[in-house]
Amino acid sequence: MSASDPQRPPVSFPDALSNREGWLEPFSWYRTMRSESPVRYDDERELWDVFRYEDVKHILDNDALFSSDPANMPGFEEEVADSEGAPPPVFDTMLFADPPEHGRLRGVVDEFFQPRAVREQAEQIQQLTEQYLDEITAGEFDLVSELAYPMPVDVIAMMLGVPTDDRAQFKTWSDTLIERPTAQTEAEMEAYQQRQRETQQEMSQYFSDLIAARRAEPRDDLITAIINAEVEGQQLSEREMVGFCTLLLVAGNITTTNLITNAMRCFAGQPGVLDELRAGEATLSTAIEEALRYRSPVQALFRVTTESVEVGGREIPAGEGIVAWLGSANRDGAVFDRADEFVADRQPNQHLSFGYGTHYCLGAPLARLEAKIALSSLLERFETIEPVDTDLKPIRSSFIYGVEEYPLQVQ
Ligand code: HEM
């Protein structure tokens with residue numbers, strides 16, 4: 001994981017997943033880990049890995065023992081510092097804050113992401129989707145670049161109040177920010193870190209300018225709401241505002257792209273599923289939940305122990321980094337029957353793909369709506385949808401799971 005990753009502190013990749021095959025299908029490695037070393041310390045990464053559902057859920061449900069603030073990990077701040085010696089603004093957001101600070105920050109935007117508020121966006125999301133689909137003619141197209149990526153970026157840009165013309169720029173920024181270092185030499189590593197820092201700075205500058213523009217001329221958008229928000233009688237600092245915008249943009253973009261693509265991989269990649277959906281034998285909403293479980297867009301979350309604590313029979317000292325493997329928890333046979341099968345009508349489905357507890361994904365209702373609109377529109381437009389036989393390339397990130405391109409043949 002990159003040193004200045006927007007969502008996660010520095011967590012390098014476990015060896016077993018560092019090749020293409022490993023990261024395309026990490027599930028057999030998870031299975032081995034769940035049975036052989038469900039809680040383990042990795043000397044190389046100097047981190048703990050946790051694989052079983054109950055342990056992962058327990059960690060996410062206990063903020064006091066398992067903090068989301070990476071500053072609790074010695075050496076963290078120096079590692080992610082920018083040229084001014086401070087961590088990038090995104091580390092000042094709710095994602096990296098523990099209660100009570102967490103609630104203060106989340107409260108600023110909570111109402112915009114409640115299911116009712118999100119439903120009001122449905123018409124515009126549908127229109128955007130139709131525009132992208134109009135560009136696709138029968139034959140072959142890439143689901144990622146032609147719908148699954150641009151649509152969620154447009155939606156969050158629209159909600160924030162960012163001009164959609166800047167979309168291509170956002171893609172470049174977010175791609176760089178989730179990039180995993182593949183550097184072999186010190187010079188290559190330095191170049192990678194430099195690229196990361198520059199991207200963070202460009203993005204921060206962009207949002208600072210936009211904040212200044214909205215201060216001068218307020219509008220009915222999320223950026224204006226963030227500027228006007230008062231928490232305990234005080235406005236957010238400029239740094240907090242920039243961090244907020246960055247978080248919403250990045251958190252809501254790559255994740256949803258991969259939900260749409262991974263869901264289509266589940267539907268089109270397994271004979272009979274698209275027919276089941278068309279015939280109403282499984283509802284799309286239920287099948288999307290199963291896609292979230294089966295190919296979780298976020299595979300891993302990071303926490304830091306605040307005191308010495310036991311997990312799954314192992315004693316973890318204070319100040320240690322823990323990787324809670326959602327992707328593994330979601331395949332745990334102790335919780336899910338036929339855990340390694342995609343079961344389109346699976347119910348109940350208590351997957352952990354949006355996290356659990358205090359930090360449960362703010363954007364879950366929006367992501368579900370976007371995925372439903374994108375996938376139902378595709379099913380409506382095209383009578384046949386088939387994956388093109390090609391070598392899939394995994395996304396270069398150590399916590400986001402998906403493929404760079406997903407070509408489909410449609411009629
Ligand atoms: C399929 C799409 C998505 C997935 C799989 C996903 C996954 C997650 C997960 C696992 C967390 C928990 C992080 C933690 O506990 O450390 C989270 C938090 C968060 N997500 Fe999402 N997310 C998605 C879409 C979105 C969207 C569309 C938005 C907003 C536009 C968003 C905004 C956030 C925010 C702000 C948080 C932090 C919440 C907090 O700290 O209280 N996410 N997301």
Next item on the list: Answer yes or no: are there more than 12 heavy-atom neighbours, outside E383 itself, under 6.0 Å from its atom CD?
Entry: no

To the nearest 0.5 Å, atom CZ of R303 lies from atom CG of L47 at 14.0 Å

### Query
Are R331 and F27 in a cation-pi setup, meaning NZ or CZ lies under 6.0 angstrom from the ring centre and within 45 degrees of the ring axis?
yes

Heavy-atom nearest pair, I373 first then A122, reads CD1-O, 3.7 Å

(Q) Can you confirm whether more than 12 heavy atoms, excluding those of D209, are under 6.0 Å from its CG atom? (A) yes

- Task: Report yes or no: do H359 and S68 form a side-chain donor-acceptor pair below 3.5 Å?
- Result: yes

Original post:
Is the closest side-chain heavy-atom distance between M264 and I385 below 4.5 Å?
Top reply: yes

T129 and A374 have their tightest heavy-atom pair at CG2-CA, 4.1 Å

Query - Exceeds 12 heavy-atom contacts within 6.0 angstrom, atom CD of E186 - result: no

Tightest non-hydrogen contact, residues P87 and R239, listed as O-NH2, 2.8 Å

| said: Please determine whether a side-chain nitrogen of the Lys or Arg among E25 and R295 lies less than 4.0 Å from a carboxylate oxygen of the Asp or Glu. | reply: yes

Problem set entry | side-chain contact (heavy atoms from CB on, under 4.5 Å) between T93 and T246, worked out | CA-CA 9 Å; T93 63; T246 314; over 6 Å; no

Practice item. For Q131 and L128, run side-chain contact (heavy atoms from CB on, under 4.5 Å): C-alpha distance rounded to whole Å, both residues' side-chain angles, the deciding distance at 0.1 Å, then the answer. Key: CA-CA 5 Å; Q131 278 168 21; L128 283 168; 4.1 Å; yes

Margin query: If we count only N and O atoms by modelled type, under 3.5 Å, do the side chains of Q201 and Q205 hold a donor and an acceptor together?
Written below: no

Ion pair present between E54 and R34, side-chain N to carboxylate O less than 4.0 angstrom? no

Report yes or no: do R197 and Q200 form a side-chain donor-acceptor pair below 3.5 Å?
-> no

task: Taking atom CD of E281 as the centre, report whether more than 12 heavy atoms of other residues, nucleotides or ligands fall under 6.0 Å from it.
output: yes

Subject >> NZ/NE/NH1/NH2 to OD/OE distance under 4.0 Å, E130 and R381 >> reply: yes

Short N-O contact, D61 and K57, less than 4.0 angstrom | no

* Taking C-beta and beyond as the side chain, do L292 and F354 meet within less than 4.5 Å on heavy atoms? -> yes

CG (L143) and CG (L375) are apart, to the nearest 0.5 Å, by 8.0 Å

All heavy atoms of A344 vs all of E276, minimum pair found to be CB-OE1, 3.9 Å

Query raised in the report: Quick check: does any side chain N or O of R52 sit under 3.5 Å from a backbone N or O of G312, one acting as donor and the other as acceptor?
Result: no

Minimal heavy-atom distance between D332 and A334, with the atoms involved, is OD1-N, 2.9 Å

query = Does R104 pair with E101 as a salt bridge, N-O distance under 4.0 Å?
reply = yes

query: More than 12 heavy atoms of other residues, nucleotides or ligands under 6.0 Å from CD of E123: is that the case?
result: no

Exercise. Has D134 got more than 12 heavy atoms of other residues, nucleotides or ligands less than 6.0 Å from its CG?
Worked result: yes

Notebook entry, point to check: Under 3.5 Å, is there a donor-acceptor pair linking the side chains of D221 and T224?
Noted result: yes

Practice prompt. May I ask you to say whether D42 pairs ionically with R40, meaning some side-chain N is under 4.0 Å from a carboxylate O?
Written response: yes

- Task: Starting from the C-alpha separation in whole Å, work towards a yes-or-no answer on side-chain contact (heavy atoms from CB on, under 4.5 Å) for V403 and R265.
- Result: CA-CA 10 Å; V403 288; R265 265 178 88 194; 3.7 Å; yes

From the list E290, R346, R293, E289, side-chain hydrogen bond (donor to acceptor under 3.5 Å, both in side chains) with H351 holds only for E289

Neighbour count above 12 (heavy atom, 6.0 Å) for Q234 CD: no

Cut-off 3.5 Å, side chains only: do S377 and Q126 have a donor facing an acceptor? yes

* Residues W23, W29; criterion side-chain contact (heavy atoms from CB on, under 4.5 Å); working and verdict -> CA-CA 10 Å; W23 195 219; W29 181 66; over 6 Å; no

Closest heavy-atom pair, V311 versus V39, reported as atoms and distance to 0.1 Å, is O-CG2, 3.6 Å

* Using a distance-only test with no angle check, is there a side-chain donor-acceptor pair under 3.5 angstrom linking T306 and N72? -> no

- For this output row, return yes or no: ring centroids of Y53 and F336 closer than 6.0 angstrom. yes

Checklist entry - If we ignore angles and hydrogens, is there a donor and acceptor under 3.5 Å between the side chains of Y294 and Q270? => result no

